[in-house]
Amino acid sequence: MALDDIYDSILGFDAERTSELVRAELAAGTEVRAILDEALIAAMDEVGAQFSEGVLFVPEMLMAAMAMKAGLEILRPHLSESEAKPAGVVVIGTVKGDMHDIGKSLVGMMLEGSGFQVIDLGIDVPAERFLAAAEEHQADIVGLSALLTTTMPAMQATVARLRERNAGPRIIVGGAPVNRDFAQRIGADGYGEDAPGAVALARRLVADR
Amino acid sequence: MHAPEVSFLPPDKITVMRGRVLDLLEKRGVQMEHPEVTRRLAEAGATVDGETSNVRFPASFMEEVLARAPKRVELFGRDGARRLEVPRPEGGFLLRTGTGAHGYVDPETGSYRKATAADAAAWARLADGLDEVDFCAFPFVDGVPVPSADLHGLMAILSNTRKHAWIQPYTAESVEYLLNLAAAAAGGEQALRDAPRVSVIATALTPFSVKFMDLEVIRLAARFGVPVHACSLPSAAGTAPITMPATVLMAATEILAMLAAAQVMEPAVPVIATPLVFALDMRTGRGLQSSVEAMQGAAAAVQLMKQGFGLPTHTYGSGTDSPVPDGQSMAERALLGLLTGLARADILGGAGQLEVATAISPVQLCIDDELAAMIRRLLRGLEVDDDTLAWDELSAAAPGGHFLAAQHTLRHCREGFLPKLFTRLPRDAWEAKGEGDLAARARERCGALLSEPAPEPLPEDARREMAAVVAAADRRLAGTG
């Protein structure tokens, strides 16, 4: 079945083929919803699962996410307003004083691959910018990343600043020096131990809202 | 005596890689965010892009930088004593403790906590008492104001060891305070300049960039006369390409850019090339220091910096990706230490560190002391001459005889390496002795060393001034006190 081919091309990390097949399916009159749910999102779910199991490696997961994104771009103009609505809006960034962005970018790409709208603020982001972006984009979730031990206090300060707003976005944290304990202590809503973990967490938090 | 070595890069590959590094420096360049440094580099002949702060280094310029760069660096302990030469004239390596770790594995209970100032003090005392450790770095200390945590860390080290201390600054703002603290401990800026009690690390922001903070480190190190370890920490597949030779090229390029910066300071500051090679775990994206590839990369990087560029070189020669000081830790650090030692690194760093340099363990440090002693011995090599060939003894030997009572044996019987921690007892004797396994014996040694009296405190005026520097840092950087 053609939707299976799209699914396979994502699992084959082939962005070009994914785009072609999505175009072909649209032309053939297949339901947009079906392409989105049964091919694109289903494929990324499988990618996430395989990655968590250690079957797929990071570069492969990234390529699959890029393939999914390519397919989604073809689909986008055809999505109805409700279908086009992202799974959620997530503002992500590396906290002030920290220049590391690989992990954060990985999470961003996985979130996009799973249908989230991601606003990536980059590195060395002060609390005020997170706050401003969360408000501007009506973010459901703010994701904070840090790699350095020395910038964990900045993570704490950012959480505190975001909390000063009532009914603010959910806050998730991650990064090498961060753990569940620390996340709890600073008042975050969740901790993502890896990129698929962050996606699962994001989905759960959006569902709970 | 023939010094054994390992080679991952034959001479023709070193030539190729050396050429590629110079190409990268000339054509691609390194971004350097420091107006004064880039001004000086431009004056000296580098090409600076005013908008992007990208600096390109013509090959002839770099060759001159390399020719002028000091090939020997001197480091000192307290009061100008315990002089260390890099490279060591007798060959081999200097050993450095792990730096910047936030975790601490308690030597008695094995439990994990955030390192405190008291832990840093104990760490320094241990380093002071361990024969093979040459210099000591501080962990990231918890329970002090964060913006001046490095000051508190350095204070603990300077106050508790007589050996050379290593400074890893955490912010641009703290660098001058740290150097002032070192000067106070040394008895003044001139004393520090004459016999540098500390050396300091400047780190690239891979790929192809050096931040303002790290160029400030170089600028201030020049002012204070303190040597710099110009460090690149590439992560294969992350901030550097996945294949190790490319990762090595990246590190060399960044280090040489920092070397050039150090050379245009007045006075020029001596630099120790410090490639610290990481590899990303392809299954998780996590950085590793002791993967097989990282070890190969470390050895290759040492080779390139030493044989390709003639620079004193420093890399990880200890450490593990395991969070605990277990068998994996021992295996990884033994392999890494031997490889990088055989690659002829001048400084091996990371003694006592665990979990990809994020934790330190006093028990592990004691074991690393033993490992370093063994590796040093191994690196000495074998002398082959009439005496060691025992020609006379061999010629006179007959079936059924033995060599135990030979004069030759008597002459040499005390030369063998004698371990302090490793056991040589058979099972029954080992059980009867009841001293437990390596970890247990290391724990005991650790306890014994820590119960020895601390080194004599620094003079009272030095201590007062040091306290004042730390207090000033707390006030102005952290707004406390």
Side-chain angles (χ1 to χ4, degrees), chain A residues 47-63 65 94-110 122-124 145-158 174-179 181-182 185-186 192-199, chain B residues 31 33 99-103 112-115 139-142 144-150 153 168-174 203-207 209-214 233-242 278-288 321 323 355-359 478:
Chain A
V47 167
Q50 286 192 21
F51 175 74
S52 293
E53 279 164 45
V55 170
L56 278 186
F57 286 7
V58 168
E60 293 159 344
M61 178 180 74
L62 282 177
M63 289 300 184
T94 300
V95 298
K96 179 126 186 67
D98 204 318
M99 310 300 187
H100 296 90
D101 71 343
I102 291 178
K104 164 197 65 67
S105 301
L106 201 58
V107 169
M109 287 174 82
M110 277 297 280
I123 54 174
D124 192 22
S145 172
L147 190 91
L148 301 173
T149 309
T150 49
T151 55
M152 286 162 78
M155 196 176 260
Q156 184 160 16
T158 305
V178 181
N179 59 18
D181 212 53
F182 176 75
R185 244 183 319 119
I186 65 173
E193 66 280 349
D194 59 16
V199 173
Chain B
Q31 182 188 49
E33 296 172 10
T99 184
H102 55 265
Y112 177 90
R113 63 167 171 269
K114 290 176 153 193
F140 180 74
V141 170
D142 186 52
V144 300
V146 169
S148 50
D150 41 9
Q168 179 196 355
Y170 300 156
T171 65
E173 293 74 27
S174 61
T203 308
L205 181 65
T206 316
S209 180
V210 186
K211 301 194 312 288
F212 178 81
M213 168 185 160
D214 302 280
L233 301 103
S235 286
T239 54
I242 190 171
F278 293 82
L280 291 194
D281 181 351
M282 285 297 86
R283 289 169 306 178
T284 62
R286 186 159 179 262
L288 307 171
D321 299 330
E355 203 178 351
V356 201
T358 62

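These figures come from a predicted structure and were not determined experimentally. Here is how names work: the chains are called A, B, and so on, in the same order as the sequence lines, proteins then strands, and each is numbered from 1.
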Taken in chain and number order and not counting sequence neighbours, the residues that satisfy side chain to side chain donor-acceptor pair (under 3.5 Å) with B/S148 are B/D474

Residue list, side chain to side chain donor-acceptor pair (under 3.5 Å) with B/Q168, at least two apart or on another chain: B/T99

Report, as yes or no, whether the 6.0 Å neighbourhood of atom CE on B/M213 holds more than 12 heavy atoms from other residues, nucleotides or ligands. yes

Is B/T284 close to chain A through its backbone or its side chain, or both, or neither, when contacts mean heavy atoms under 4.5 Å? backbone

What residues of residues 148-158 of chain A sit under 4.5 Å from chain B when only non-hydrogen atoms are counted? A/T149, A/T150, A/P153

Between B/S235 and chain A, with a heavy-atom cut-off of 4.5 Å, which part of the residue counts as in contact: side chain, backbone, both or neither? neither

Looking only at heavy atoms, what is the nearest atom pair of A/F57 and B/R283, with distance? CE1-CG, 3.2 Å

B/T206 side, atom OG1; A/H100 side, atom NE2 - distance, nearest 0.5 Å: 8.0 Å

Would you say the side chain of A/I102 lies within less than 4.5 Å of the side chain of B/T239, judging by non-hydrogen atoms? yes

Contacting moiety of B/R286, where chain A heavy atoms sit under 4.5 Å: neither

If you look at every heavy atom in A/P177 and B/H102, which pair is closest and at what distance? CB-CE1, 4.1 Å

B/V210 meets the side-chain contact (heavy atoms from CB on, under 4.5 Å) criterion, sequence neighbours left out, with B/V30, B/M32, B/A204, B/D214, B/L215, B/M258

